[in-house]
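Bear in mind that the values here come from a model prediction, so they are computed numbers and not experimental data. Values below: every heavy atom of this structure, side chains too, minus hydrogens, waters and symmetry copies.
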Amino acid sequence: MTEPTSLTRVHLVRHGEVFNPEKILYGRLPGFRLSDKGQQQAKVTAEFLAELDVAAVVASPLDRAQQTAAPIAAAHALAVQVDPRLIESRNAFEGRTFEAGPAVVRYPALWRLLLNPFRPSWGEPYDEIAARMLVAVVEWRDAHPGRHVVLVSHQLPVWTARRALERVPLWHRPDRRQCGLASVTTVVYRDSELVGVEYAEPNGPTANTPGSVGA
């Protein structure tokens with residue numbers, strides 16, 4: 001008689017709200033940290049995960065992800081580890097106050113960036129984002145079988161990984177991503193078999209605002 005296999009859960013956490021009064025698409029730019037509200041969101045998410053058997057807390061190298069990971073790791077007496085594969089996606093609109101959309105009409109030199117929204121042509125291809133995220137998920141899953149691992153990343157990488165796991169097209173409308181601030185997207189495995197994907201918003205629904213999509 002074989003013993004039942006235990007489940008391994010990898011929690012993909014999006015960082016909390018960023019202090020960004022000028023509404024800049026910050027992408028991978030340095031110096032963008034959590035707002036006071038974002039720090040509170042991180043604490044609420046840490047409380048949501050506090051009772052789990054968390055073996056590792058890992059974050060993107062960007063400040064906002066590191067700050068979000070800190071209270072989660074502290075709740076489990078762990079250090080925050082860094083995985084560059086969890087970083088925000090590349091984006092040609094980084095540093096601007098608008099994203100790929102109607103505002104680009106005012107800037108003819110940028111029109112070429114909109115040629116292929118399915119790739120997308122303005123940034124890191126969706127398939128590349130999915131590939132690096134899923135490699136990270138699998139490696140951290142295999143490092144801690146039967147336990148919980150928390151990976152703190154960014155909206156577009158988390159959402160793209162979820163779509164890849166659910167085997168739906170990677171292209172999508174950015175305003176329809178189910179990935180709120182400090183949300184938790186949980187990937188459940190039985191050994192290497194995907195059992196399902198779960199989603200929770202410990203802080204309640206958080207709407208996108210200018211400069212937040214893809215953050």
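For the atom pair NE2 of H154 and CG of L86, the computed distance is 7.5 Å after rounding to the nearest 0.5 Å. Within the model, atoms NE2 of H15 and OG of S153 stand 8.0 Å from one another, a figure rounded to the nearest 0.5 Å.
Taking R141 as the reference, nothing meets the salt bridge (charged side-chain N to carboxylate O under 4.0 Å, His left out) condition, with sequence neighbours excluded. For H148, the side-chain hydrogen bond (donor to acceptor under 3.5 Å, both in side chains) test picks out H11, with sequence neighbours left out.
Checked by atom type and distance alone, the side chain of R132 pairs as donor or acceptor with a backbone atom of I87 at under 3.5 Å. In this structure, the side chain of R177 does not engage the main chain of W159 through any donor-acceptor pair within 3.5 Å. Side-chain atoms of S121 come within 3.5 Å of backbone N or O of L113 as a donor-acceptor pair. Side chain of R163 to main chain of P169: a donor-acceptor pair is present (N/O by atom type, distance under 3.5 Å, no hydrogens or angles). With E17 contributing its side chain and L34 its backbone, the two residues share no donor-acceptor pair below 3.5 Å. Between the side chain of N116 and the main chain of F118, a donor-acceptor pair closer than 3.5 Å is present.
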Anything under 3.5 Å between a donor and an acceptor, one on a side chain of residues 43-50, the other on a protein residue two or more places apart or in another chain? List them.
{"unit_1": "T45", "atom_1": "OG1", "unit_2": "Q41", "atom_2": "O", "d": "3.2"}
{"unit_1": "T45", "atom_1": "OG1", "unit_2": "A182", "atom_2": "O", "d": "2.7"}
{"unit_1": "T45", "atom_1": "OG1", "unit_2": "N203", "atom_2": "ND2", "d": "3.3"}

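Side-chain contact between H172 and L156 is present, with heavy atoms from C-beta onward closer than 4.5 Å. R162 is not listed as a side-chain neighbour of L12, based on a closest heavy-atom distance of 4.5 Å or more.
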